[in-house]
Every structure is written in structure tokens, then in C-alpha cells.
Amino acid sequence: VAELNKALGWELRAQAMYAHYAAYVQGLESMTLKGHFEGEAKESFGHAEKVRDIISQMGAEATTTRDAAPIIHTRSTRKMLEESLKTEKAAAAHYQVVVGLVEHYVHKHDLLHIMKDEINAVVEVETLLGK
């Protein structure tokens, strides 16, 4: 449950970060990146909902606190994407830990899908950064 709550904290942080970046993205990239950041915020909301449901179904208490990693305020789209990449990599790595700990097959299946989303997000942001 502690590791699930850490994952939930990352999702809550990602929601806030992506909503913030969607509001502050500017320039030519804003036409693409505003929608990207809004989509990522919505995806994080959905992931948080699923993790929260799993914790609840386990009879435990879900956290309401986002991860303490700072959200960097910037108007640089490159910096926003770099911060996004750090977040997605950390989330993907943490879900690999969580998936290994969860035994219930339905919960494991749900978490594997979230982990896949996080890995896909890493690839997408790396592509946006030209890596």
C-alpha cells in the first residue's frame, strides 16, 4: 500500500504539473504542447483514480498529498518537456516496482496498463525533445 500511495502521489503531482504547463506554454509550440499537457493531466487524473480505487479495494487509505518533488515554473517549452521527461521516467520506474509487489491479478493488470502508458509517455517526450 505504501508503494501504491507513492505512485498516487506521483500522479497527483503530474496532474498539477501538466495543468500548470498547459497554462503557461507559449510560442509556436503552444498549439501542439497545450493539448499535449492537457491530455497528460487528464491521463494522470485517470491513473490516480485507478490507483486510488485499488488502494480502497484493499481496505487501505489512499494519500491525498502529491509527491514532494518540486514543480519547476518556466516559460521555456524545452524546460517543460525536460521536466515532463523526468516525471514520466520516475513514474515508469516506480510502477515497475509496484507491479512486482501486487499479487491480485486484476490489480496487476490495471497497473501494467498504467506502466505501459508511462513508458509510452517517456518515448513521446523523448521524441518531442529530439532524442
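Only a predicted model underlies this, so the values are computations on that prediction, with no experimental measurement involved. Residue indices begin at 1 and follow the sequence shown.
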With a 4.0 Å cut-off, would you call [X] and [Y] a salt bridge?
| X | Y | result |
| --- | --- | --- |
| E3 | K6 | yes |
| K86 | E82 | no |
| K79 | E83 | yes |

Spacing of [atom1] belonging to [X] relative to [atom2] belonging to [Y], to within rounding of 0.5 Å:
| X | Y | atom1 | atom2 | answer |
| --- | --- | --- | --- | --- |
| E43 | E118 | CD | CD | 6.0 Å |
| L112 | I119 | CG | CD1 | 9.0 Å |
| I71 | R13 | CD1 | CZ | 5.0 Å |
| L4 | R52 | CG | CZ | 12.5 Å |
| S44 | E88 | OG | CD | 6.5 Å |
| M115 | H94 | CE | NE2 | 12.5 Å |

[X] versus [Y], closest heavy-atom pair with distance:
| X | Y | value |
| --- | --- | --- |
| A69 | R66 | O-NH1, 3.3 Å |
| A19 | A41 | N-CB, 4.1 Å |
| I55 | A62 | CG2-N, 3.6 Å |

Quick one: do [X] and [Y] end up in the same hydrophobic cluster if we chain Ile, Leu, Val, Met, Phe, Trp and Tyr together by side-chain heavy atoms under 4.5 Å apart?
| X | Y | value |
| --- | --- | --- |
| V98 | M58 | yes |
| V51 | V97 | no |
| V122 | V125 | yes |
| W10 | I72 | no |
| I54 | F45 | no |

**Asked** What about H20 and Y24, are their ring centers closer than 6.0 Å?
**Response**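 Yes, the ring centres sit under 6.0 Å apart.
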Are side-chain heavy atoms of [X] and [Y] found at a separation under 4.5 Å?
| X | Y | result |
| --- | --- | --- |
| K108 | E103 | no |
| L81 | F37 | yes |
| H107 | Q57 | yes |
| L8 | H47 | no |
| E61 | N5 | no |
| L12 | T65 | no |
| M80 | L33 | no |

**Request:** Please test E38 against K34 for salt bridge (charged side-chain N to carboxylate O under 4.0 Å, His left out), starting from the C-alpha separation and ending with a verdict.
**Result:** CA-CA 6 Å; E38 289 171 342; K34 182 173 179 64; 3.4 Å; yes
**Prompt:** After noting the C-alpha distance and the side-chain angles of D110 and V102, does the key distance pass the side chain to side chain contact (heavy atoms under 4.5 Å, CB included) rule?
**Reply:** CA-CA 11 Å; D110 289 340; V102 173; over 6 Å; no
**Asked** Got a sec: does the NZ of K50 have more than 12 other heavy atoms crowding it under 6.0 Å?
**Response**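 For K50, atom NZ is not crowded (no more than 12 foreign heavy atoms under 6.0 Å).
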**Prompt:** Given S84 and H36, is the side chain to side chain contact (heavy atoms under 4.5 Å, CB included) satisfied, shown in steps?
**Reply:** CA-CA 11 Å; S84 297; H36 169 78; 5.5 Å; no
